[in-house]
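Numbering of residues begins at 1 and proceeds along the displayed sequence.
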Amino acid sequence: MFATYLIGLREGLEATLVVSILVAFLMKSQRRDRLPQVWAGVGLAVALSVLFGWLIEYTSTSLLSRSEDRELFEAITSVAAVVFVTWMIFWMRRAARTIAGELRGKLTEALAVGSLAVAGMAFLAVIREGLETALIFYSAAQGAAGDSGPLLALIGGIVTAVVLGVLLYASALRINLSKFFTWTGALLILVAAGILKYGVHDFQEAGVLPGLNDLAFDITSVLDPSTWYAALLAGMFNVTPAPTVLETIAWVAYAVPVLLLFLRPARRKPAPAATTTTVTERGADTGAEAEAASAPQRA
(Lines give C-alpha, C1' and ligand atoms only; values in the text may rest on other atoms or scores of the structure.)
Protein backbone atom coordinates (compact mmCIF):
# COMPACT_ATOMS: atom_id res chain seq x y z
CA MET A 1 0.00 0.00 0.00
CA PHE A 2 2.96 2.30 0.50
CA ALA A 3 3.52 2.30 -3.26
CA THR A 4 0.00 3.59 -3.95
CA TYR A 5 0.34 6.11 -1.11
CA LEU A 6 3.54 7.36 -2.72
CA ILE A 7 1.80 7.63 -6.10
CA GLY A 8 -1.00 9.70 -4.58
CA LEU A 9 1.46 11.89 -2.64
CA ARG A 10 3.76 12.55 -5.60
CA GLU A 11 1.09 13.16 -8.25
CA GLY A 12 -1.15 15.01 -5.79
CA LEU A 13 1.62 17.38 -4.73
CA GLU A 14 2.49 18.18 -8.34
CA ALA A 15 -1.14 19.04 -9.08
CA THR A 16 -1.50 20.96 -5.81
CA LEU A 17 1.61 23.04 -6.50
CA VAL A 18 0.33 23.89 -9.98
CA VAL A 19 -3.03 25.02 -8.59
CA SER A 20 -1.32 26.95 -5.77
CA ILE A 21 0.83 28.85 -8.28
CA LEU A 22 -2.23 29.75 -10.34
CA VAL A 23 -4.21 30.89 -7.31
CA ALA A 24 -1.28 32.88 -5.89
CA PHE A 25 -0.78 34.63 -9.22
CA LEU A 26 -4.47 35.62 -9.42
CA MET A 27 -4.44 36.86 -5.83
CA LYS A 28 -1.29 38.94 -6.36
CA SER A 29 -2.65 40.28 -9.65
CA GLN A 30 -5.91 41.40 -8.00
CA ARG A 31 -7.89 39.05 -10.27
CA ARG A 32 -9.86 37.14 -7.68
CA ASP A 33 -12.86 37.27 -9.98
CA ARG A 34 -11.18 34.57 -12.08
CA LEU A 35 -10.80 32.11 -9.18
CA PRO A 36 -14.18 30.40 -9.87
CA GLN A 37 -12.98 29.57 -13.40
CA VAL A 38 -9.78 28.04 -12.00
CA TRP A 39 -11.72 25.87 -9.54
CA ALA A 40 -14.18 24.88 -12.27
CA GLY A 41 -11.31 23.68 -14.44
CA VAL A 42 -9.75 21.80 -11.52
CA GLY A 43 -13.08 20.16 -10.62
CA LEU A 44 -13.70 19.03 -14.19
CA ALA A 45 -10.19 17.57 -14.41
CA VAL A 46 -10.69 15.61 -11.17
CA ALA A 47 -14.09 14.30 -12.32
CA LEU A 48 -12.71 13.11 -15.68
CA SER A 49 -9.74 11.47 -13.96
CA VAL A 50 -12.07 9.49 -11.71
CA LEU A 51 -14.17 8.54 -14.75
CA PHE A 52 -11.03 7.40 -16.59
CA GLY A 53 -10.02 5.21 -13.66
CA TRP A 54 -13.51 3.70 -13.53
CA LEU A 55 -13.44 2.99 -17.27
CA ILE A 56 -10.13 1.13 -16.95
CA GLU A 57 -11.48 -1.00 -14.11
CA TYR A 58 -14.80 -1.60 -15.90
CA THR A 59 -13.03 -2.66 -19.08
CA SER A 60 -10.90 -5.15 -17.20
CA THR A 61 -13.66 -6.67 -15.05
CA SER A 62 -16.76 -6.45 -17.27
CA LEU A 63 -15.91 -6.08 -20.96
CA LEU A 64 -13.18 -8.72 -21.12
CA SER A 65 -14.62 -12.18 -20.55
CA ARG A 66 -11.58 -14.40 -21.20
CA SER A 67 -8.82 -14.53 -18.61
CA GLU A 68 -6.20 -14.29 -21.39
CA ASP A 69 -7.75 -11.03 -22.59
CA ARG A 70 -7.75 -9.61 -19.08
CA GLU A 71 -4.13 -10.58 -18.57
CA LEU A 72 -3.19 -8.94 -21.88
CA PHE A 73 -5.13 -5.77 -20.99
CA GLU A 74 -3.42 -5.57 -17.60
CA ALA A 75 -0.03 -6.13 -19.23
CA ILE A 76 -0.59 -3.31 -21.73
CA THR A 77 -1.77 -0.89 -19.01
CA SER A 78 1.29 -1.83 -16.92
CA VAL A 79 3.67 -0.96 -19.75
CA ALA A 80 1.77 2.29 -20.40
CA ALA A 81 1.99 3.15 -16.68
CA VAL A 82 5.76 2.58 -16.70
CA VAL A 83 6.10 4.90 -19.71
CA PHE A 84 4.05 7.61 -17.96
CA VAL A 85 5.96 7.25 -14.67
CA THR A 86 9.32 7.51 -16.42
CA TRP A 87 8.25 10.52 -18.47
CA MET A 88 6.68 12.23 -15.44
CA ILE A 89 9.75 11.78 -13.23
CA PHE A 90 12.22 13.18 -15.73
CA TRP A 91 9.81 15.94 -16.84
CA MET A 92 9.34 17.14 -13.27
CA ARG A 93 13.09 17.07 -12.68
CA ARG A 94 13.60 19.35 -15.66
CA ALA A 95 10.49 21.54 -15.36
CA ALA A 96 10.75 22.25 -11.61
CA ARG A 97 13.17 25.07 -12.37
CA THR A 98 10.83 26.94 -14.70
CA ILE A 99 7.32 25.71 -13.95
CA ALA A 100 6.26 28.74 -11.90
CA GLY A 101 7.28 31.26 -14.57
CA GLU A 102 5.76 29.21 -17.38
CA LEU A 103 2.43 28.85 -15.57
CA ARG A 104 2.29 32.57 -14.81
CA GLY A 105 2.96 33.36 -18.45
CA LYS A 106 0.28 30.98 -19.69
CA LEU A 107 -2.25 32.28 -17.18
CA THR A 108 -1.53 35.87 -18.22
CA GLU A 109 -2.33 34.90 -21.80
CA ALA A 110 -5.47 33.07 -20.69
CA LEU A 111 -6.68 36.11 -18.71
CA ALA A 112 -6.41 38.19 -21.85
CA VAL A 113 -8.61 35.72 -23.76
CA GLY A 114 -11.41 35.23 -21.23
CA SER A 115 -13.05 33.03 -18.61
CA LEU A 116 -13.12 29.84 -20.69
CA ALA A 117 -9.42 30.15 -21.38
CA VAL A 118 -8.67 30.46 -17.66
CA ALA A 119 -10.80 27.39 -16.87
CA GLY A 120 -9.20 25.50 -19.75
CA MET A 121 -5.70 26.38 -18.59
CA ALA A 122 -6.43 25.13 -15.04
CA PHE A 123 -8.08 22.01 -16.49
CA LEU A 124 -5.07 21.14 -18.66
CA ALA A 125 -2.66 21.79 -15.79
CA VAL A 126 -4.43 19.21 -13.59
CA ILE A 127 -5.86 16.64 -16.02
CA ARG A 128 -2.43 15.28 -16.93
CA GLU A 129 -1.68 14.47 -13.31
CA GLY A 130 -5.13 12.97 -12.83
CA LEU A 131 -4.99 10.64 -15.83
CA GLU A 132 -1.49 9.53 -14.91
CA THR A 133 -2.60 8.84 -11.34
CA ALA A 134 -5.56 6.73 -12.50
CA LEU A 135 -3.44 4.65 -14.88
CA ILE A 136 -0.50 4.18 -12.52
CA PHE A 137 -2.79 3.35 -9.60
CA TYR A 138 -4.61 0.69 -11.61
CA SER A 139 -1.33 -0.92 -12.62
CA ALA A 140 0.18 -0.72 -9.13
CA ALA A 141 -2.96 -2.14 -7.45
CA GLN A 142 -3.35 -5.18 -9.70
CA GLY A 143 -3.84 -8.35 -7.75
CA ALA A 144 -5.59 -6.52 -4.91
CA ALA A 145 -9.14 -7.16 -6.12
CA GLY A 146 -11.63 -6.83 -3.29
CA ASP A 147 -9.06 -5.08 -1.09
CA SER A 148 -9.82 -1.45 -0.36
CA GLY A 149 -6.35 -0.87 1.11
CA PRO A 150 -4.66 0.44 -2.09
CA LEU A 151 -7.52 2.86 -2.77
CA LEU A 152 -7.43 4.18 0.80
CA ALA A 153 -3.65 4.54 0.55
CA LEU A 154 -4.00 6.51 -2.70
CA ILE A 155 -6.61 8.80 -1.15
CA GLY A 156 -4.38 9.23 1.89
CA GLY A 157 -1.47 10.26 -0.34
CA ILE A 158 -3.62 12.78 -2.20
CA VAL A 159 -4.99 14.23 1.05
CA THR A 160 -1.45 14.54 2.42
CA ALA A 161 -0.41 16.32 -0.78
CA VAL A 162 -3.31 18.77 -0.53
CA VAL A 163 -2.46 19.53 3.11
CA LEU A 164 1.19 20.13 2.20
CA GLY A 165 0.15 22.34 -0.69
CA VAL A 166 -2.13 24.44 1.51
CA LEU A 167 0.58 24.82 4.15
CA LEU A 168 3.12 25.80 1.50
CA TYR A 169 0.70 28.35 0.10
CA ALA A 170 0.12 29.78 3.56
CA SER A 171 3.90 29.84 4.23
CA ALA A 172 3.33 27.66 7.29
CA LEU A 173 5.67 24.96 6.00
CA ARG A 174 8.89 24.94 4.01
CA ILE A 175 10.22 21.81 2.37
CA ASN A 176 13.03 21.37 -0.11
CA LEU A 177 10.98 20.47 -3.17
CA SER A 178 14.06 19.57 -5.17
CA LYS A 179 15.11 16.93 -2.63
CA PHE A 180 11.51 15.78 -2.19
CA PHE A 181 11.04 15.10 -5.89
CA THR A 182 14.47 13.46 -6.11
CA TRP A 183 13.77 10.96 -3.32
CA THR A 184 10.20 10.22 -4.37
CA GLY A 185 11.34 9.98 -7.98
CA ALA A 186 13.93 7.35 -7.09
CA LEU A 187 11.35 5.35 -5.14
CA LEU A 188 8.84 5.62 -8.00
CA ILE A 189 11.46 4.25 -10.41
CA LEU A 190 11.62 1.12 -8.24
CA VAL A 191 7.82 1.02 -8.16
CA ALA A 192 7.75 1.33 -11.96
CA ALA A 193 10.28 -1.51 -12.25
CA GLY A 194 7.90 -3.67 -10.22
CA ILE A 195 4.96 -2.65 -12.44
CA LEU A 196 6.99 -3.58 -15.53
CA LYS A 197 7.85 -6.93 -13.95
CA TYR A 198 4.16 -7.51 -13.28
CA GLY A 199 3.37 -6.58 -16.89
CA VAL A 200 5.89 -9.11 -18.19
CA HIS A 201 4.29 -11.76 -15.99
CA ASP A 202 0.86 -10.88 -17.43
CA PHE A 203 2.24 -11.14 -20.96
CA GLN A 204 3.53 -14.61 -20.06
CA GLU A 205 0.19 -15.67 -18.61
CA ALA A 206 -1.56 -14.37 -21.74
CA GLY A 207 0.73 -16.52 -23.88
CA VAL A 208 2.37 -13.55 -25.62
CA LEU A 209 5.77 -14.15 -24.00
CA PRO A 210 7.30 -17.55 -23.21
CA GLY A 211 8.97 -18.78 -20.04
CA LEU A 212 6.12 -18.70 -17.53
CA ASN A 213 7.58 -21.72 -15.73
CA ASP A 214 11.27 -20.80 -16.16
CA LEU A 215 12.25 -19.42 -12.75
CA ALA A 216 15.33 -17.24 -12.36
CA PHE A 217 15.65 -18.34 -8.73
CA ASP A 218 13.54 -19.55 -5.84
CA ILE A 219 14.26 -18.13 -2.38
CA THR A 220 10.90 -18.98 -0.85
CA SER A 221 12.68 -20.61 2.08
CA VAL A 222 14.40 -17.29 2.83
CA LEU A 223 11.69 -14.84 1.74
CA ASP A 224 8.51 -16.50 2.95
CA PRO A 225 5.56 -14.94 1.04
CA SER A 226 3.41 -15.19 4.19
CA THR A 227 5.66 -12.85 6.20
CA TRP A 228 4.96 -9.15 6.56
CA TYR A 229 8.27 -8.05 5.07
CA ALA A 230 7.77 -10.25 1.99
CA ALA A 231 4.30 -8.75 1.53
CA LEU A 232 5.79 -5.25 1.94
CA LEU A 233 8.44 -5.87 -0.74
CA ALA A 234 5.88 -7.40 -3.08
CA GLY A 235 3.41 -4.58 -2.53
CA MET A 236 5.94 -1.78 -2.96
CA PHE A 237 8.33 -3.01 -5.64
CA ASN A 238 6.84 -6.38 -6.73
CA VAL A 239 9.91 -8.20 -5.39
CA THR A 240 8.84 -11.85 -5.23
CA PRO A 241 10.76 -14.94 -4.05
CA ALA A 242 10.28 -16.94 -7.28
CA PRO A 243 10.26 -14.68 -10.37
CA THR A 244 10.65 -15.91 -13.91
CA VAL A 245 13.78 -15.24 -15.94
CA LEU A 246 12.07 -12.63 -18.13
CA GLU A 247 10.55 -10.86 -15.11
CA THR A 248 13.97 -10.57 -13.49
CA ILE A 249 15.61 -9.34 -16.69
CA ALA A 250 12.88 -6.72 -17.16
CA TRP A 251 13.17 -5.47 -13.55
CA VAL A 252 16.96 -5.12 -13.65
CA ALA A 253 17.09 -3.77 -17.24
CA TYR A 254 14.71 -0.96 -16.31
CA ALA A 255 15.64 -0.11 -12.71
CA VAL A 256 19.44 0.05 -13.02
CA PRO A 257 19.90 2.35 -16.07
CA VAL A 258 16.90 4.58 -15.26
CA LEU A 259 18.08 5.08 -11.66
CA LEU A 260 21.58 5.93 -12.85
CA LEU A 261 20.26 8.45 -15.36
CA PHE A 262 17.87 10.01 -12.85
CA LEU A 263 20.42 10.32 -10.04
CA ARG A 264 23.15 11.63 -12.32
CA PRO A 265 23.97 15.24 -11.33
CA ALA A 266 22.38 17.69 -13.74
CA ARG A 267 24.64 20.08 -15.58
CA ARG A 268 24.13 23.56 -14.21
CA LYS A 269 24.18 26.43 -16.66
CA PRO A 270 25.14 29.89 -15.35
CA ALA A 271 22.04 32.04 -15.09
CA PRO A 272 22.02 35.40 -16.92
CA ALA A 273 22.44 38.45 -14.71
CA ALA A 274 18.95 39.72 -15.56
CA THR A 275 17.36 36.46 -14.45
CA THR A 276 19.25 36.52 -11.15
CA THR A 277 18.12 40.06 -10.48
CA THR A 278 14.50 39.18 -11.18
CA VAL A 279 14.53 36.27 -8.75
CA THR A 280 16.16 38.43 -6.09
CA GLU A 281 13.57 41.14 -6.51
CA ARG A 282 10.84 38.60 -6.02
CA GLY A 283 12.43 37.32 -2.82
CA ALA A 284 9.53 38.60 -0.75
CA ASP A 285 7.03 36.34 -2.52
CA THR A 286 5.20 33.95 -0.20
CA GLY A 287 3.53 30.58 -0.44
CA ALA A 288 3.78 28.13 -3.30
CA GLU A 289 4.96 30.77 -5.76
CA ALA A 290 8.01 31.55 -3.65
CA GLU A 291 8.70 27.87 -3.08
CA ALA A 292 8.63 27.14 -6.81
CA ALA A 293 10.85 30.11 -7.56
CA SER A 294 13.44 29.15 -4.96
CA ALA A 295 13.52 25.42 -5.75
CA PRO A 296 16.24 25.74 -8.45
CA GLN A 297 18.54 27.53 -6.03
CA ARG A 298 18.32 24.57 -3.61
CA ALA A 299 18.59 21.83 -6.21
Side-chain angles (χ1 to χ4, degrees), residues 1-20 39 42-62 70 73-75 77-78 80-82 84-85 88-89 92 126-169 173 175 180-181 183-199 201-202 224-240:
M1 289 193 296
F2 177 75
T4 53
Y5 175 83
L6 182 64
I7 291 169
L9 176 61
R10 168 82 184 218
E11 296 285 345
L13 187 56
E14 287 183 24
T16 301
L17 287 175
V18 167
V19 175
S20 298
W39 295 121
V42 170
L44 180 59
V46 171
L48 287 181
S49 299
V50 173
L51 177 62
F52 179 67
W54 176 82
L55 283 175
I56 296 177
E57 181 65 22
Y58 179 76
T59 299
S60 176
T61 57
S62 302
R70 288 194 294 271
F73 178 77
E74 291 176 358
T77 56
S78 294
V82 171
F84 274 115
V85 168
M88 175 265 295
I89 290 171
M92 193 62 194
V126 176
I127 190 64
R128 180 182 63 82
E129 309 295 344
L131 296 181
E132 285 179 1
T133 302
L135 181 59
I136 298 169
F137 168 72
Y138 172 79
S139 299
Q142 288 180 28
D147 183 3
S148 60
L151 179 59
L152 295 177
L154 179 75
I155 294 174
I158 294 174
V159 171
T160 303
V162 172
V163 172
L164 287 175
V166 171
L167 291 176
L168 281 171
Y169 178 80
L173 176 66
I175 62 174
F180 173 84
F181 284 121
W183 282 104
T184 57
L187 287 174
L188 279 179
I189 288 173
L190 297 179
V191 171
I195 293 175
L196 179 61
K197 175 176 174 286
Y198 195 100
H201 183 79
D202 281 337
D224 186 353
S226 63
T227 59
W228 67 267
Y229 52 85
L232 182 64
L233 287 174
M236 289 176 58
F237 310 123
N238 198 23
V239 174
T240 54

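- Taking OG1 from Thr59 and CH2 from Trp54, the interatomic distance works out to 8.0 Å, rounded to the nearest 0.5 Å.
- Looking only at side-chain heavy atoms (C-beta outward), Leu164 and Thr16 stay at 4.5 Å or farther from each other.
- To the nearest 0.5 Å, the span separating OG1 on Thr240 from NE2 on His201 amounts to 8.5 Å.
- Heavy-atom minimum distance, Ile89 versus Gly185: CD1-O, 3.5 Å.
- Between the CG atom of Leu154 and the CG atom of Leu9 there is a distance of 10.5 Å, given to the nearest 0.5 Å.
- Smallest separation of non-hydrogen atoms from Ser49 and Gly130: OG-CA, 3.1 Å.
- Inter-residue side-chain proximity for Val191 and Val85 is flagged as unmet; no heavy-atom pair is nearer than 4.5 Å.
- Pairing each heavy atom of Gly8 with each of Ala161, the nearest pair is O-CB, 4.3 Å.
- Counting non-hydrogen atoms of other residues, nucleotides and ligands closer than 6.0 Å to CZ of Phe52 gives a total above 12.
- Here the OG1-OH distance, from Thr77 to Tyr198, works out to 9.5 Å after rounding to the nearest 0.5 Å.
- When the options Leu48, Val42, Leu44 are evaluated for a side-chain contact (heavy atoms from CB on, under 4.5 Å) with Val126, the one that passes is Val42.
- Inter-residue side-chain proximity for Phe73 and Asp202 is flagged as unmet; no heavy-atom pair is nearer than 4.5 Å.
- Asn238 has its side chain out of reach of Ile195: every pair of non-hydrogen atoms, C-beta onward, lies at least 4.5 Å apart.
- The two residues Leu187 and Phe237 come nearest to each other via the heavy atoms O-CE2, 4.0 Å.
- The heavy-atom pair separating Ala75 from Gly199 by the smallest distance is CB-O, 3.5 Å.
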